[in-house]
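If you're wondering where the values come from, they're calculated on a predicted model, not measured in any experiment. Protein chains get the first letters and strands the later ones, always in sequence-line order, with residue 1 at the start of each.
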Amino acid sequence: MKKYQEYKQVAYPSIGEDILAFWKSNGIFEKSVANRQGAPTYTFYEGPPSANGTPGIHHVMARAIKDVFCRYKTQKGFQVKRKGGWDTHGLPVELQVEKELGITKEDIGSKISVEAYNQKCRETVMRFKDEWDDLTEKIGYWVDLNDPYITFDANYVESLWYLLKKLYEKDLLYKGYTIQPYSPAAGTGLSSHELNQPGCYRDVKDTSITAQFKVQGEKDLYILAWTTTPWTLPSNSALAIGEKLDYIYVRTFNPYTFEPETVILAKERLSAYFHPEGAKRELDDYKPGDKIIPYQILEQVKGKALLGLQYEQLFPIPELSLPDPAFTVIAGDYVTTEDGTGIVHLAKAFGADDFRTLTQQHIPGVFVKDERGQEIPIVDKKGKFLPFVGKYLKTKMEAHGIQAHKILSENDFYVKNYTLEDEENKAYKSTDVIISIILKNENKAFKVEKYEHSYPHCWRTDMPILYYPLESWFIKTTAYKEQLVAHNRTINWKPESTGTGRFGNWLENLVDWNLSRSRYWGTPLPIWRNKAGTQTRCIGSIAELQAEIDRAIEAGFMTASPFKGKTPDLHRPYVDEIVLVGDNGDQLFREPDLIDVWFDSGAMPYAQWHYPFENEELFNANYPADFIAEGVDQTRGWFFTLHTLAVMLFDSVAFKNVIANGLVLDKNGNKMSKRLGNAVDPFQTLKEFGPDALRWYMLSNANPWDNLKFNKEGVAEVQRRFFGTLQNTYNFFALYANLDDFVYRKESKIPVQDRPELDRWILSKLQSLIQETGKAYEAYDVTPATRGIMNFTVDQLSNWYVRLARKRFWRGELNADKQAAYETLYECLETLCKLMAPVAPFYADWLFKNLTASQTGAAQSVHLTDWQDADENLIQKPLESSMQLAQEISSLVHSLRKKEKLKVRQPLQKILIPVLQPETQAYIQHVEEPIKSEVNVKSIEYIDDTSGILVKSIKPNFAVLGKRFGPKMKLVNQAIQKWGKEEIAAIEKAGQLKILVDEAEEIISLEEVLIQSQDIPGWSVASDNGITVALDVTLTTELKEEGIARDFVNRIQNLRKDLGMEVQDKIRIQAAASEQVVTDALTHFSDYIKTETQAMALELANEIIHPTVLDMDEFTLSVAVEKV
RNA sequence: GGGCCUGUAGCUCAGGUGGUUAGAGCGCUACACUGAUAAUGUAGAGGUCCGUGGUUCGAGUCCACGCAGGCCCA
């Protein structure tokens, strides 16, 4: 039986399947973990995917990255447990269910019960689990699929509740406001998803107003600010300018009241408010009612100069007065001069930017207290001004004689037309219009006009939405900002910029984490409150809840526990039915919100182990993670929530190393989408190429954090170039090893120092490769690791070592030289298996098994072996440099041969290499043999300076001289370029030479210039990279004969092949007599020819019975070959 | 609008701390090799290093402003 299986053709996809089956039936993954029991742990956290959609090609990418480092660390001796997980809650699940049932959120509770709805979600969420598991296995992502954490699991949710309670106890969980899209008509907040429905944004004509804000303490100085929502003006509490923008003070008249005044606006917006003609008119000539209003620019300032300016409240309603620093000019980074006045009016209650800016700058907003003492905005949830504001407006209407389409009561001031008034009615006046007229009359409006813009509408009611403060539960992340930033600095981010930039900046501009979601399928907020909001209870475990339920039953608020006799389900609607008892005896109802699903996944380090209720030791041993990896889009998702919870609750990072990988785009750089049909099916790709080439391509083509333009051609190229070459190399080894019955035995191998130089060279390269690869894996740089392995395999091992050592494998008996060759090649291949195993786990294992099949005591799988550390004793950098010179010289000779049209089979006498440094000669002498055999020359001669025939060139060493001379470098260069033969000789002799630079004498030393030999007169010369080679092209008779002999051998070998002979078959050759030179060649090189062709006899005959005519290029020759 | 990433040959990508001929693989063209052969080698063509300014004796590399594509956030 053959010791090393040979393969005619390799089907990579079936290697994947076969090895997968082998892993499964032998429990290799489990063994790779169990083997390391007691070893130090290396912790990896799986970011849970959602199984309610099918996996895509980008998941292959993400999972391959995770797998690589877990496998590598296992090889390095760590125990790496990898618990899988599933993300199961959230909006996408709900939307999918709604789509399938043909319902909307409004139907929940009427057409379908919450219970049934959530049941449906639970069923849907794992729908594609099998497909995911299948992909996971097929791409070789080793993760424990048998015991995954599932975020809807009661144990998981219980851990979440525990964490929430911890936050609550630390006073980090609070209820507050956030500005959200809100539909007064539907009485509900809208998610950004709902707002992105087609048709939501609609062009509408609204009344826009440029209001005049009177600067305090000035007679008639006003700041102009523009808004398309005049109804927000009573809530104004600040104005924002752009610090770097230019603003002007303009002396003019109010177009409605004709009063003289000075207004402030952005310089760029002047033309939008003033007729050019106005600049030419005299202010004094103005008469009230003139169409063209004169103006004069008084002053220009930077926005910064306006900061802190105080102004009078636009609507001085007593209930709305605010303490300082309200009604102040502040800076806003979002202010532009694209429209409006370049000054933005801020109403804290009705804009997200406004709310954020004012909160950050500690400026109060316009709110009033409701009966419970809670702050509320002055527009209620129906979209209507509170009565006292209505009353104020009504009074003003009467004062100014404003007539509307009907008599408006104080309860009729809706900010948008939510009562469906007839807008066609000529007398119809919206609240915006009424406000505008009031302001016009009071000299508080500079310009009022209809303005068409895009405004979002509620997709259910078609009515305009408002940005409105809604109550939400928050985690006070801002309280931990410093710690979050500090801990982040200790994390190794790949790439670094994601950590310092995207993530770091996000932390710097942190806002509190809005935890609330008004939905159905998710983790319920474990908070119960009384109606007045004065009593709050946060529940941190099932046991605690049970106890509280018991108390509630005792108090008569509940009749029975909903969990009686069954496993508690902590989802809605069950938790909603629970009414608890407050300390004061009040009924406590659960706050109806669910929590952000990102909390679910961010809490996985704890909840996956049901910590702290179980597995405390396991948790401690695996916290924090050494490594996580996920898409860069998770920066503010999973990465953030993991980090935040760890820092806030455990004063720790959650992960030490993280790779944030980029996107997988189609080959044209477009986003993949199923809808556009450019999505690549991972299963199809696996079928075509198998898992290894796919993984290798994805990780070697570009760094994982760069976007990958996925191209199947690229996978094919990797397969051909890398795997194909490696496979060829193995086949070459197997073919001859089997013929010689060679089996690698570690015990009896030839010591490396006794092996030929070529062997020591490739083994030195191999050790260097091990170092380089290990270093790259340690630094989480998988791409350089793969590139190094590829380069070694293709360029060094296959294209140099095997090519040069080829003859050693197929000639003669199994002597020491041959054995050394086998052992060397074997060692390279086996080591490659280990180095590539993390990236190409199937092929590496397959090759490993082929190599070790006949060895006793070999590991069952490469994944159960230890990483092989480099043997530094074997590294011989000088030898590596020598061989590199050999490769470069060979390349030069090849190019010379081509130029001279001399094929490699024609031996040539010698090459000449000019050497200016003795070391260079020594380096080359080491590798004369490989050079000579590679380029087929008899000898290498070196010419040094003493010959006097070298033509040299000189140029300054810019790096050295540039530092010395700086600005005078140009002159130095010119001076050195002028040097000829004598000067070069002089500096070489004396080690230095004087030049004149700018009339000053300077000494240039030999180290500061670069001298190269570029030509040998009368020779065919090539040079590159500082090496020059000359080729002796004279053909002596003997060389010619040898050339013919080699040609002859070549033709006979072809013939043998054509005749279907085996490599070891012996033959007899008859050749017809021919020209003298041919006959001489065959006679003189008879032994050589016989050895090469395995001929027992080579006879020259005058006539041959059944001749084969060989085409020898310049002549033909009749021969007969027969097997003996 | 903000933050971050990317932009080098037809394609995919390398190009520490600035240094004078900008590289590799694929593809293309030509040639060679023919006992690794559905393999391999060599050579050639192919470049506005996204643009514009600036710093410097010297910029693919540093700075500023842009442009294009992408991600996240408003």
Considering just the side-chain nitrogens and oxygens of [X], establish if one lies under 4.0 Å of OP1 or OP2 belonging to [N].
X: A:R787; N: B:rC13; value: no
X: A:K709; N: B:rU12; value: yes
X: A:N1050; N: B:rC33; value: no
X: A:N799; N: B:rU40; value: no
X: A:K955; N: B:rU21; value: yes

Quiz item: Tell me, for nucleotides 59-74 of chain B in 5' to 3' order, what letter each nucleotide earns: B for a base near a protein heavy atom under 4.0 Å, S for only sugar-phosphate near one, - for neither?
Solution: -----------BBSSS

Taking [M] as the reference, what is the distance to [N] when you measure between their [atom1] atoms (whole Å, please)?
N: B:rC57; M: B:rU8; atom1: P; answer: 31 Å
N: B:rU12; M: B:rG70; atom1: P; answer: 15 Å
N: B:rC31; M: B:rA45; atom1: C1'; answer: 14 Å
N: B:rU42; M: B:rG27; atom1: P; answer: 14 Å
N: B:rA14; M: B:rC5; atom1: P; answer: 15 Å
N: B:rG46; M: B:rA24; atom1: P; answer: 15 Å
N: B:rG54; M: B:rG47; atom1: C1'; answer: 24 Å
N: B:rC11; M: B:rU37; atom1: P; answer: 35 Å

Quiz item: Ring centres of A:F710 and A:Y697 under 6.0 Å apart?
Solution: yes

Quiz item: Any chance the rings of A:F639 and A:F503 have centres within less than 6.0 Å?
Solution: no

I'd like to know if the side chain of [X] pairs up with that of [Y] as donor and acceptor (distance under 3.5 Å, no hydrogens or angles considered).
X: A:N936; Y: A:R1046; value: yes
X: A:Q887; Y: A:Q796; value: yes
X: A:Y467; Y: A:D354; value: no

